[in-house]
*Asks:* 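This structure is in structure tokens; I'll ask about it shortly.
Hydrogens, waters and symmetry mates play no part in the numbers below; they use all other heavy atoms, side chains included.
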Amino acid sequence: MACAPTPQTAGRRRRFWVTAAISPVADGGFTVELDGRGIRLPGGTALCVASRALAQAIADEWAKAGGEKGGHFTPDDLPMTRIAGTMIERVAPDPAAQVTALLHYVDGELLCYRADYPAPLCREQQALWNPQLAWLRARHDIDMAVTTGIMPLVQSPGVHDAWRALLTQMDNATLAALGVMVPAMKSIVLGLAVATGALPAARAAEIASVDERSQMDIWGEDAKLLEALRLQAVEVEDAARFLQLCRVV
């Protein structure tokens, strides 16, 4: 079996295959074959997913990566492969570890840290962030505290317990997708909203970038910041698409 390059493999790689296609496996699910040879992940596990739609999306990105045999590609060309690999080799063997990692974002929740100036930024944070925290309270009965300034805010034990109970109920695909979205937006609330279908990925990324957009309103556009926000939005969109494909019956 061919070994798939992954996000941990830095730099460009040369395409060594001609065709990429999905193949059903005997005990259920689908794998992706490059020139008839199945892909193996860095830990040695065969890349096999339950959803035909996800397998096809993975095959499609391998078919496009590098253009043709001998061409160059990077891990950025294989987002569905990357997230699937995380789900298979990191989340599935120990979902509790992924839950614990996500819980680290509760006390650092973006939407809970508010500016006290300038006034336009304060108003925009309230207008865009308050509804998300209200949704969390109404839908999941989690009431998160809010602060201003940069001093650390520690949420109550009840809030942490509620988040743990909620995350523990989630399947491996959702945990893997959250593992991409939450760090990208620095918001477990927005990640949950996207994962549960309460918020489109593009809108969530926009809400998460209030501070950066306000900064550019004051000081002018910054090419590096714009690129960082573009990449953030791509990550969130990729994770949302991965989750959607996993749920296709």
Side-chain angles (χ1 to χ4, degrees), residues 1-13 20 22 25 28-34 38-62 64-65 73-106 108 163-164 166-188 190-197 201 204-205 208 231-248:
M1 286 189 172
C3 182
T6 67
Q8 290 76 25
T9 306
R12 296 194 309 167
R13 302 296 297 269
I22 67 171
V25 296
F30 302 87
T31 188
V32 176
E33 295 182 345
L34 307 179
I39 294 173
R40 282 197 178 275
L41 298 167
T45 309
L47 194 161
C48 181
V49 296
S51 165
R52 175 186 285 272
L54 175 59
Q56 188 60 60
I58 291 172
D60 290 345
E61 64 186 15
W62 283 89
K64 295 176 183 177
F73 68 100
T74 73
D76 290 339
D77 297 317
L78 305 167
M80 298 302 103
T81 304
R82 297 200 318 265
I83 305 175
T86 298
M87 176 181 68
I88 293 167
E89 290 204 322
R90 293 180 56 191
V91 178
D94 189 6
Q98 182 77 339
V99 169
T100 297
L102 290 168
L103 286 172
H104 290 156
Y105 288 87
V106 172
W163 272 109
R164 182 177 294 278
L166 182 61
L167 294 171
T168 300
Q169 297 171 10
M170 294 181 175
D171 60 27
N172 294 336
T174 304
L175 290 175
L178 286 172
V180 175
M181 292 189 285
V182 173
M185 296 187 286
K186 299 179 178 61
S187 174
I188 194 169
L190 293 176
L192 176 66
V194 175
T196 57
L231 293 175
Q232 176 195 65
V234 168
E235 283 191 272
V236 178
E237 290 276 7
D238 285 341
R241 179 170 175 250
F242 170 83
L243 199 50
Q244 181 182 32
L245 291 167
C246 285
R247 292 171 176 172
V248 173

*Asks:* Please report the closest heavy-atom contact between E61 and P79, naming both atoms and the distance.
*Replies:*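 Answer, listing the atom of E61 first, then P79: OE1-CD, 3.2 Å.
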*Asks:* Decide if atom CD of Q56 counts as having more than 12 heavy atoms of other residues, nucleotides or ligands within a radius under 6.0 Å.
*Replies:*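 Yes, because the 6.0 Å sphere around CD of Q56 holds more than 12 heavy atoms from other groups.
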*Asks:* What's the shortest heavy-atom distance between A46 and R40, and which atoms?
*Replies:*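 In terms of heavy atoms, the two residues are closest at N-NH1, 3.4 Å.
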*Asks:* Look only at the side chain of T31 and the backbone of C48, and say whether a donor-acceptor pair between them is shorter than 3.5 Å.
*Replies:*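 Answer holds: no.
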*Asks:* Say you draw a straight line from CG of D60 to CE of M80; how long is it, rounded to the nearest 0.5 Å?
*Replies:*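 Separation between the atoms: 11.5 Å.
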*Asks:* Go through L102 and W163 one step at a time and tell me if the side chain to side chain contact (heavy atoms under 4.5 Å, CB included) criterion holds.
*Replies:* CA-CA 9 Å; L102 290 168; W163 272 109; over 6 Å; no
*Asks:* From L54 CG over to I83 CD1, what is the distance, rounded to the nearest 0.5 angstrom?
*Replies:*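 So the gap between those two atoms works out to 9.0 Å.
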*Asks:* What are the two closest non-hydrogen atoms of L47 and T81, and how far apart are they?
*Replies:*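 Heavy atoms of L47 and T81 come nearest at CD1-CG2, 3.8 Å.
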*Asks:* Can you see which heavy atom on L190 is nearest to which on S187, and at what distance?
*Replies:*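 Taking L190 first and S187 second, the nearest heavy atoms are N-OG, 3.0 Å.
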*Asks:* Which residues pass the side chain to side chain contact (heavy atoms under 4.5 Å, CB included) test with R164, sequence neighbours left out?
*Replies:*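 In terms of side chain to side chain contact (heavy atoms under 4.5 Å, CB included), with neighbours along the sequence ignored, R164 is linked to V99, T100, L103, T168.
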*Asks:* Closer than 3.5 angstrom, by distance alone: can the side chain of T45 be matched with the main-chain N or O of L41 as a donor-acceptor pair?
*Replies:*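 Answer holds: no.
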*Asks:* Using side-chain heavy atoms (C-beta onward) and a distance below 4.5 Å, is L166 in contact with L192?
*Replies:*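 With C-beta onward as the side chain, the pair touches.
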*Asks:* How far does CD1 of I58 sit from CZ of F242, to the nearest 0.5 angstrom?
*Replies:*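 One finds 7.0 Å between CD1 of I58 and CZ of F242.
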*Asks:* Side chains of I188 and L167, heavy atoms from C-beta outward: is any pair under 4.5 Å?
*Replies:*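 Yes, side chains in contact.
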*Asks:* Determine, step by step, whether D77 and K64 satisfy the side chain to side chain contact (heavy atoms under 4.5 Å, CB included) criterion, reporting the C-alpha distance in whole Å, the side-chain angles of both residues, the deciding distance to 0.1 Å, and the verdict.
*Replies:* CA-CA 8 Å; D77 297 317; K64 295 176 183 177; over 6 Å; no
*Asks:* Between CE of M181 and CG of L243, what distance do you get to the nearest 0.5 Å?
*Replies:*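 Rounded to the nearest 0.5 Å, the CE-CG separation comes out at 6.0 Å.
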*Asks:* Compare every heavy atom of A204 with every heavy atom of V194, then report the nearest pair and how far apart it is.
*Replies:*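 Nearest heavy atoms, V194 then A204: CG2-CB, 3.4 Å.
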*Asks:* Taking distance alone, no hydrogens or angles, what donor-acceptor pairs closer than 3.5 Å link side-chain atoms of residues 172-180 to residues at least two apart or in another chain?
*Replies:*
unit_1, atom_1, unit_2, atom_2, d
T174, OG1, D171, OD1, 2.7
T174, OG1, R247, NH2, 3.4

*Asks:* For the residue pair S51 and F30, what are the closest heavy atoms and their distance?
*Replies:*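 Scanning both residues, the minimum pair turns out to be C-CD1, 4.0 Å.
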